[in-house]
Amino acid sequence: MSVEGQAPLTTGCKRSPVHVVTTAKETFTMMIWFNQQFRRVRRLHVTLRSKLRAAGLTCLTLLVWTAVARLLAAEGAIPKPSAEVRDVILMLGNGPLHVRLNLSVGKKSPAEARQETVNRLLKELDANADGKLSREEAQRSPLFREKQRDKAAEFIKSLNVDLSVSPKDIEKRIEQLGGETVVYRQNTEASLTDDQVFKNLDVDGDGIISEAEMTDAVDGLLAKDTDDDECVTLEEFIPQSTEVQSLVPRANVARSQTTSVAEIIRDTHQTLLPAQMIRKYDTDRNNKLSAAELNWTGEKLATCDADKDGQLSVKELANLRNTPVDLELAVDVIRADGERMLRVLQVVGGRSANDSAPDLVKVSLPTAELTFSVRDIDPFETSMTIALRAFNELDADKNGYLDKGETRMRERFGRGLFDQIDADGDGKIFGEEMKDFIRTRGEPVATTCHVTAFSDGAGFFSAIDTNGDRRLSVREMRNADRSLARMDVDQKPGLSEQEPVRQYRIEFVRGIFNPFGSTERSVNPPVATDVVAINNRTSVGPVWFQRWDRNNDGDITWREFLGPRAAFDELDADRDELIDPKEAEAASPADQFKGRTLKSDPDQPVSAEAGNPLNLQQ
């Protein structure tokens, strides 16, 4: 404050509008300044308040969606991030179907699983831990092992060239040997074999399966059980004149191709897909597809219809990935304890999906039935079985190892395979060297997911095979009449060959290394059913039940039962001549078999020399 006539009080600093007032002019100037600052602060306040509100809403929204995402992930409604997402188009007869696949290999994406293989290989071989492999370190692995020539090592050293293998080189080698992380294949042989199933059911050959023939179907189906295992596979319907190929292809003998490049299932990233869709569905030949031709709704077509003309050109079809998904699945080709390998994430468009059976999903469409399944196999065990059978076949003198003379007639051995397997370079391949080669060489392939589309034709076999394990059990054959009756579409007596809707099956499986196939291609080889089951069924029931269920079809027949007839009848509560897991669980085995003997041969009377998995009294 100041007194009139006195000099104003100052702080010794440069004067500003905020100082002690001495004159009316200064007072007026100060009032203007305060008004300007007030307006400025008010504007800042409004701006800050709006930003805080937006930030608060954004944070709240983020928190809510994070919580929802976690909840949905916990319930399996959305796929985990460790999966490779592939959008595919199923080229069905009545129009394309958009399917989204979330593919995993042991809860990891195929790319992640492959990178783990690279890291593990580098760690195992890098003896001096310098982050790369010397030529000597790399030679320890069949993936890099090459034929050693006399004095080759000295010559290479004289070149003074860095021949070390970097992590990037390992990645390239794994990619080369493993191939694509997701491989699509197609098999139409099942459609041809399904014709044989119809002929078996149509006993009088009039082209119609009558109600009487449906009732008696079990007899004709059981007659096809050529290996006497009380199960009938699709292969057993093939005429007996068909020759079974050796597991080891002979030189200069062409193998029949069981799988081909997929036409039924197409990845949306394939550049030729739009043109293929035009070729398949363009009925009026105007090089565009309408909603009617695609069997789509107008809303679905509009998602790609950039020019809004109600039709899709080749260019517009390149955006198929943007169309609504009809079906979304989560698939893991490695089974985890207590978890399903195949789950339905969403089904839209009024379609029904039944995933009540483990690792099996059936989708019903007006003109087609789709079955999705996962084949649960150990790729290493499968490759090993094939390789060891080949080993025994090639070992002519039965001395326990293979020399170059015994493998000379095999084309692949002549192209460096012998030296890759022969780890110690002694000119002999022993069983352990074969096993080491199979496991190491099979790792890159085992990180892939193979998706095979099967066209099952009218699907008579698939209709009877209710659990989708590609075998007809005794129970399924007994219920064949009811399964066939459900295929009736026209509600007229009998079932013609063309009456049922078309059946398609999509199967997922880990990649299997074929040791005697192409040197650079890795495809799932056709494997004999006695090598590995087509779909390894999860064993159910008590331990004794699992052991006695020799064909693993989920039931014990009298032939499989090792106890006395009286015990079988007591366990068979529903008197259907089959003991199912529930009946086995309900009974006390110790009480049922107490004081009774077991039989050794299911077709022979009870014998005291029988095997006794329950350690029961004999």
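Please read these numbers as outputs of a predicted model, since none were measured by experiment.
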What distance do [X] atom [atom1] and [Y] atom [atom2] have between them, rounded to the nearest 0.5 Å?
X	Y	atom1	atom2	answer
Met341	Arg335	CE	CZ	5.5 Å
Leu294	Thr297	CG	OG1	10.5 Å
Leu97	Met91	CG	CE	12.0 Å
Ser373	Lys362	OG	NZ	10.0 Å
Asp195	Asn200	CG	CG	12.5 Å
Leu122	Thr117	CG	OG1	12.5 Å

Would you say [Y] and [X] are linked by a side-chain donor-acceptor pair, where the criterion is simply a distance under 3.5 Å?
X	Y	result
Gln311	Asn286	yes
Ser462	Asp465	no
Glu112	Ser82	no
Asn119	Gln115	yes
Thr447	Arg114	yes
Arg279	Gln276	no
Glu328	Asn102	yes

>> Consider salt bridge (charged side-chain N to carboxylate O under 4.0 Å, His left out). Of Arg470, Arg375, Arg185, which one does Glu507 pass it with?
In response: Arg375

Check: [Y] and [X] side chains under 4.5 Å, non-hydrogen atoms:
X	Y	value
Asp87	Val85	yes
Met277	Pro274	no
Ile89	Thr268	yes
Val325	Val99	no
Glu84	Thr181	yes
Pro110	Val105	yes
Leu121	Phe144	yes
Leu329	Leu345	no

Under 3.5 Å, side chain of [X] to main-chain N/O of [Y], donor-acceptor pair present?
X	Y	result
Asp202	Gly207	yes
Glu316	Ser313	yes
Ser383	Phe513	yes
Arg343	Ala330	no
Asp305	Leu312	no
Gln196	Thr193	no
Ser483	Asn479	yes
Thr440	Phe437	no
His98	Thr323	yes
Asn319	Asn322	no

Got a salt bridge between [X] and [Y], using NZ or NE/NH1/NH2 to carboxylate O under 4.0 Å?
X	Y	value
Lys288	Glu293	no
Lys224	Glu236	no
Glu476	Arg471	no
Asp267	Arg86	yes
Arg510	Asp332	no
Glu171	Lys168	yes

Minimal non-hydrogen separation, [X] against [Y], with atom names:
X	Y	result
Phe237	Val232	CE1-CG1, 3.5 Å
Ser455	Ile264	CB-CD1, 3.9 Å
Gly93	Tyr504	N-OH, 4.2 Å
Ser104	Ala83	OG-CB, 3.3 Å
Pro96	Trp296	O-NE1, 3.5 Å
Gly511	Pro379	O-CB, 3.4 Å

> What's the verdict on side-chain contact (heavy atoms from CB on, under 4.5 Å) for Val88 and Leu101, showing C-alpha distance, side-chain angles and the deciding distance?
Replying inline: CA-CA 8 Å; Val88 299; Leu101 305 175; 4.2 Å; yes

>> So for atom CD, which belongs to Glu180, do other residues, nucleotides or ligands contribute more than 12 heavy atoms lying within a distance under 6.0 Å?
In response: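 No, not enclosed.
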
> Between Ser364 and Glu369, is a side chain to side chain donor-acceptor pair (under 3.5 Å) present by the stated rule, with each step listed?
Replying inline: CA-CA 5 Å; Ser364 299; Glu369 289 282 345; 3.3 Å; yes

>> What verdict does the side-chain contact (heavy atoms from CB on, under 4.5 Å) test give for Asp359 and Asp376, after you've listed the backbone C-alpha separation in whole Å, the side-chain angles of each residue and the deciding distance to 0.1 Å?
In response: CA-CA 9 Å; Asp359 310 323; Asp376 180 20; 5.6 Å; no

>> Applying side-chain contact (heavy atoms from CB on, under 4.5 Å) to Leu201 and Leu484, what does each step give before you reach the verdict?
In response: CA-CA 10 Å; Leu201 299 171; Leu484 292 170; 4.0 Å; yes

>> Classify the ring geometry of Phe460 against Phe198: parallel below 30°, tilted from 30° to 60°, perpendicular beyond 60°.
In response: tilted

>> Test salt bridge (charged side-chain N to carboxylate O under 4.0 Å, His left out) on Glu263 and Lys280; report intermediate values, then the result.
In response: CA-CA 11 Å; Glu263 295 181 357; Lys280 183 176 180 66; over 6 Å; no

>> Show every salt bridge (charged side-chain N to carboxylate O under 4.0 Å, His left out) that has at least one partner inside residues 484-503, sequence neighbours left out.
In response: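 Applying salt bridge (charged side-chain N to carboxylate O under 4.0 Å, His left out) to every pair that reaches into residues 484-503, excluding sequence neighbours, yields nothing.
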
> Which is it for Thr452 and Tyr184 under the side-chain contact (heavy atoms from CB on, under 4.5 Å) test, yes or no, and what are the steps along the way?
Replying inline: CA-CA 6 Å; Thr452 305; Tyr184 302 100; over 6 Å; no

